[in-house]
Amino acid sequence: MTAMTTTATTAATASQLPRPPANTEALRDWLRRHRGIDLPDYAALHRWSVADVLGFWQAIWDYFGLGSPTPVTAVLADARMPGARWFEGAQLNYAAQVARQAAAGDADGQPAVVFRNERMQREGRSLEIGWGRLADDAAALAARLRALGVRRGDRVAAYLPNVPQALVGFLACASLGAIWSLCAPDMGVATVRDRFRQIDPVVLIAGDGTVYGGKTVDRRAAVAELLRELPSVHTLVRVPYLEEAGAVIDGQGGPFTFDAGGWAGRVLDWAESLAGGERAAPEPLPFDHPLWIVYSSGTTGLPKPIVHGHGGVLLEMLKLHAFHLDLQPSHARLRPQPERFHWYSSSGWVMWNLQVSALLLGTTVCLYDGHPSYPQPETLWRFAEDTRLTFMGAGAAYWASCLKAGIEAGRLVDAGRLRALGSTGSPLSPEAYEWGWQQLGRGLWWAVISGGTDLASAFLGGTPELPTVPGEMQARALGADIQAWDEQGRPLIDAVGELVCVQPMPSMPVCFWNDADGRRYRDSYFDVYPGVWRHGDWLEITPAGGTIVYGRSDATLNRHGHRLGTAEIYRVVEAVPQVLDSLVVDLEYLGRPSFMPLFVVLREGAVLDEALQAEIRTRIREQVSPRFLPDAIVAVREIPRTLTGKKQELPVKKLMLGRPAAEVVNKDACANPGAFDWFVDYARQQAAKE
């Protein structure tokens with residue numbers, strides 16, 4: 001693999017202004033006092049965290065005061081990947097940790113949750129939910145679910161926007177040991193069905209829709225169709241949100257009738273589900289008991305239903321929020337301003353899981369449901385000021401849009417209070433770093449992380465105690481033994497290779513749902529380097545220890561952090577009568593604009609005119625998601641395939657990223673090697689336009 005040129009600037013431009021002590025410094029001090037381990041800086045802390053994996057994770061357990069009603073027999077009983085067994089004998093519960101914070105949170109007057117949608121932002125009002133109220137609502141819903149027959153291990157699916165009801169539903173399920181799974185309302189029925197039908201949910205919690213960019217997203221008919229497609233569901237919990245969000249349908253406002261479409265199961269309204277005097281406290285669960293099922297992409301077949309466990313997520317999220325986002329409990333009063341954390345996300349992105357998990361640390365979470373730049377480009381910044389954010393996160397594409405729109409952030413928010421901007425989802429350009437500092441001062445910390453749905457955490461991140469170099473993430477995360485490898489499995493420094501993790505982490509998947517022999521799990525991460533996690537990102541580790549992610553090294557589609565398997569696009573596009581075959585590639589790469597072309601082979605006599613392109617786009621928008629609309633639709637004679645019939649997505653992607661054809665195309669393994677000639681010419685033409 002040839003090294004690719006980095007666009008990062010030198011360390012001489014790094015911001016190194018005075019700052020308050022970082023949480024990683026507090027951890028090093030704790031290790032000195034409680035373990036007798038003297039680690040002079042972050043680099044030494046990271047080296048120790050991967051050299052003594054057992055000692056590190058035991059220290060994290062003790063640092064956060066976690067406990068178990070049963071004895072822990074081993075921190076890591078088996079270090080194999082996959083198959084690592086963590087904290088055997090331990091019992092805990094994610095929701096119990098939130099309830100633990102609730103006991104301290106209300107006394108200081110800081111809410112657990114602050115919520116706004118587009119209508120509320122326009123009207124200048126927020127919904128604040130106290131710690132005690134949040135815990136009580138979750139306990140009430142847990143009791144109702146238990147009365148409906150939901151038991152430990154049952155799946156509860158939700159089709160909801162980024163609203164407090166989703167958070168309450170999740171905590172209620174976690175309390176019982178039921179398994180939570182959430183999809184966003186911008187996802188079409190086919191896309192949601194392909195996820196939920198794999199897990200056989202017994203309850204569906206669904207909203208009637210949402211409002212995004214001033215437009216109503218009416219999902220009442222979609223919910224009725226899902227109920228017909230999901231025979232395992234016996235109860236629907238309806239969340240009537242459209243009226244609350246200020247929706248207008250056919251010129252009329254709410255209330256909106258929410259019809260289950262003749263479905264014969266039980267229907268409860270949200271308010272009814274919380275009514276009654278019963279409460280269910282969080283139950284102690286085995287460390288690896290399933291917490292949620294999230295979905296990551298598979299380039300063939302259905303989306304991967306990834307199961308993460310209570311204990312692994314709890315440990316990783318506490319570590320990530322405390323040491324790589326440097327958050328403080330809102331009620332701790334360790335900083336001049338109470339901590340208020342926001343990460344702009346849809347409910348269908350794993351960043352929703354990360355955002356709400358700040359509650360584990362006792363931090364106030366601020367949720368926003370709506371378009372970040374509607375009706376004005378600075379809307380999310382006004383939300384930040386109105387809700388008094390101290391930490392504001394978003395996908396890298398949002399920060400790039402602020403830069404292009406000329407947002408004067410320093411005029412919109414109190415730079416003395418907003419101490420950090422977070423970024424993930426795709427590489428953040430050096431220009432975006434500089435824009436943030438110009439707007440909010442050199443004291444601003446860019447908390448740039450990279451991980452994924454698969455891990456439910458971050459491999460790469462940083463800490464305010466390290467210098468920041470524009471274009472780079474500061475370091476590898478604690479407990480994450482991350483390397484960049486070449487094709488022969490040799491570690492690289494100062495060159496681009498495959499991002500690999502060579503030791504287990506607690507939040508690696510417990511399993512994939514309905515993957516009894518583990519084959520699909522192994523094939524997803526361990527097929528290239530057996531026993532070593534290959535993540536599917538291009539990574540460079542600098543001599544100084546910084547990290548640069550360049551984009552996806554596989555065929556996965558990554559639209560601003562939302563990942564999708566190409567198979568989901570093909571199922572929809574190839575159902576169009578005029579389309580015989582198709583291929584899509586995502587050309588996201590650091591230093592160049594994201595570009596996702598869709599190539600289609602048409603039936604004889606068909607023409608790729610405006611009407612056919614519009615039909616293809618409509619089907620993708622309605623059946624998959626508007627996020628995955630192609631930047632261009634191009635007609636081709638044939639799609640390159642292997643001798644076994646697989647589409648050659650990765651070679652086409654590498655061609656279009658500028659790699660020579662001789663390096664990426666093995667014609668002996670091609671069923672139709674001549675098909676690449678057209679793509680070589682197309683890649684050359686596209687390069688000439690840049």
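As the structure is a computational prediction, the values presented were derived from the model and not from experiment.
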Side-chain donor/acceptor of [X] to backbone N/O of [Y], under 3.5 Å:
{"X": "S625", "Y": "M187", "result": "no"}
{"X": "S175", "Y": "A95", "result": "no"}
{"X": "W131", "Y": "Q110", "result": "yes"}
{"X": "T618", "Y": "A614", "result": "yes"}
{"X": "N514", "Y": "Q198", "result": "yes"}
{"X": "S347", "Y": "L160", "result": "yes"}
{"X": "Q101", "Y": "L360", "result": "yes"}
{"X": "E244", "Y": "P240", "result": "no"}
{"X": "T364", "Y": "R340", "result": "no"}
{"X": "S181", "Y": "I293", "result": "yes"}

Which atoms form the tightest heavy-atom contact between [X] and [Y], and what is the distance?
{"X": "A447", "Y": "L325", "result": "CB-CD2, 4.3 Å"}
{"X": "Y398", "Y": "S373", "result": "CE1-OG, 3.9 Å"}
{"X": "R266", "Y": "R144", "result": "NH2-NH1, 4.4 Å"}
{"X": "P303", "Y": "Y295", "result": "CB-CB, 4.3 Å"}
{"X": "Y570", "Y": "S582", "result": "CD2-OG, 3.1 Å"}
{"X": "W180", "Y": "G169", "result": "CZ3-C, 3.4 Å"}

Any non-hydrogen side-chain atom of [X] less than 4.5 Å from a side-chain atom of [Y]?
{"X": "T191", "Y": "V572", "answer": "no"}
{"X": "W381", "Y": "C402", "answer": "yes"}
{"X": "F170", "Y": "N353", "answer": "no"}
{"X": "Y241", "Y": "P161", "answer": "yes"}
{"X": "R411", "Y": "Q439", "answer": "no"}
{"X": "N117", "Y": "V163", "answer": "no"}
{"X": "V223", "Y": "D208", "answer": "no"}
{"X": "H342", "Y": "V114", "answer": "no"}

For L361, the option from M317, Q328, H321 that meets side-chain contact (heavy atoms from CB on, under 4.5 Å):
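Of the listed residues M317, Q328, H321, the side-chain contact (heavy atoms from CB on, under 4.5 Å) partner of L361 is H321.
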
According to the interplanar angle, ranging from 0 to 90°, do the rings of Y212 and H371 count as parallel (below 30°), tilted (30 to 60°) or perpendicular (above 60°)?
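Tilted, since the angle between the ring planes falls between 30° and 60°.
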
Inspect the surroundings of CD in E574 and state if more than 12 heavy atoms from other residues, nucleotides or ligands are less than 6.0 Å away.
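Yes, because the 6.0 Å sphere around CD of E574 holds more than 12 heavy atoms from other groups.
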
If you count the non-hydrogen atoms of other residues, nucleotides and ligands that lie under 6.0 Å from CD in E610, is the total more than 12?
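Not more than 12 within 6.0 Å, no.
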
How long is the straight-line distance from [atom2] of [Y] back to [atom1] of [X], given to the nearest 0.5 Å?
{"X": "F341", "Y": "T363", "atom1": "CZ", "atom2": "OG1", "result": "8.0 Å"}
{"X": "R197", "Y": "R193", "atom1": "CZ", "atom2": "CZ", "result": "5.0 Å"}
{"X": "L141", "Y": "L145", "atom1": "CG", "atom2": "CG", "result": "4.5 Å"}
{"X": "L314", "Y": "N93", "atom1": "CG", "atom2": "CG", "result": "9.0 Å"}
{"X": "E615", "Y": "D609", "atom1": "CD", "atom2": "CG", "result": "10.0 Å"}
{"X": "I407", "Y": "L412", "atom1": "CD1", "atom2": "CG", "result": "7.0 Å"}

Would you call [X]-[Y] a salt bridge at under 4.0 Å N-O?
{"X": "R122", "Y": "E118", "answer": "no"}
{"X": "R220", "Y": "D259", "answer": "no"}
{"X": "D269", "Y": "R238", "answer": "yes"}
{"X": "R133", "Y": "D137", "answer": "yes"}
{"X": "R195", "Y": "E568", "answer": "yes"}
{"X": "R116", "Y": "D386", "answer": "yes"}

Could you walk me through whether V203 and V237 pass side-chain contact (heavy atoms from CB on, under 4.5 Å), step by step?
CA-CA 8 Å; V203 171; V237 178; 4.2 Å; yes

Scan the side chains in residues 305-313 for donor-acceptor partners under 3.5 Å anywhere in the protein, sequence neighbours excluded, and list what turns up.
unit_1, atom_1, unit_2, atom_2, d
H308, ND1, W292, NE1, 3.0
H308, NE2, D454, O, 2.8
H310, ND1, Y94, N, 3.1

Inter- and intrachain pairs under salt bridge (charged side-chain N to carboxylate O under 4.0 Å, His left out), touching residues 150-169, at least two apart
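Matches after skipping sequence neighbours: R152-E283.
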
Applying salt bridge (charged side-chain N to carboxylate O under 4.0 Å, His left out) as the test, list every pair that has at least one member in residues 351-364; sequence neighbours left out.
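Every candidate salt bridge (charged side-chain N to carboxylate O under 4.0 Å, His left out) pair involving residues 351-364 fails, so no pair, neighbours aside, qualifies.
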
Tell me, with the steps shown, if I179 and V156 meet side-chain contact (heavy atoms from CB on, under 4.5 Å).
CA-CA 6 Å; I179 307 170; V156 173; over 6 Å; no

Please determine whether side-chain contact (heavy atoms from CB on, under 4.5 Å) holds for the pair C366 and L389, giving the CA-CA distance in whole Å, both sets of side-chain angles, and the decisive distance to 0.1 Å.
CA-CA 8 Å; C366 298; L389 295 185; 3.6 Å; yes

Between N162 and S346, does a side-chain contact (heavy atoms from CB on, under 4.5 Å) hold up when you go through it step by step?
CA-CA 6 Å; N162 185 18; S346 81; over 6 Å; no

Give the intermediate values and the outcome of salt bridge (Lys or Arg N to Asp or Glu O under 4.0 Å) for residues R146 and E278.
CA-CA 10 Å; R146 186 170 61 189; E278 294 297 320; 5.2 Å; no

Would E339 and T390 count as having a side-chain donor-acceptor pair, cut-off 3.5 Å?
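Checked: E339/T390 side chains pair up, N/O donor to acceptor below 3.5 Å.
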
Evaluation steps, salt bridge (Lys or Arg N to Asp or Glu O under 4.0 Å), between D515 and K304:
CA-CA 10 Å; D515 182 31; K304 300 177 294 191; over 6 Å; no

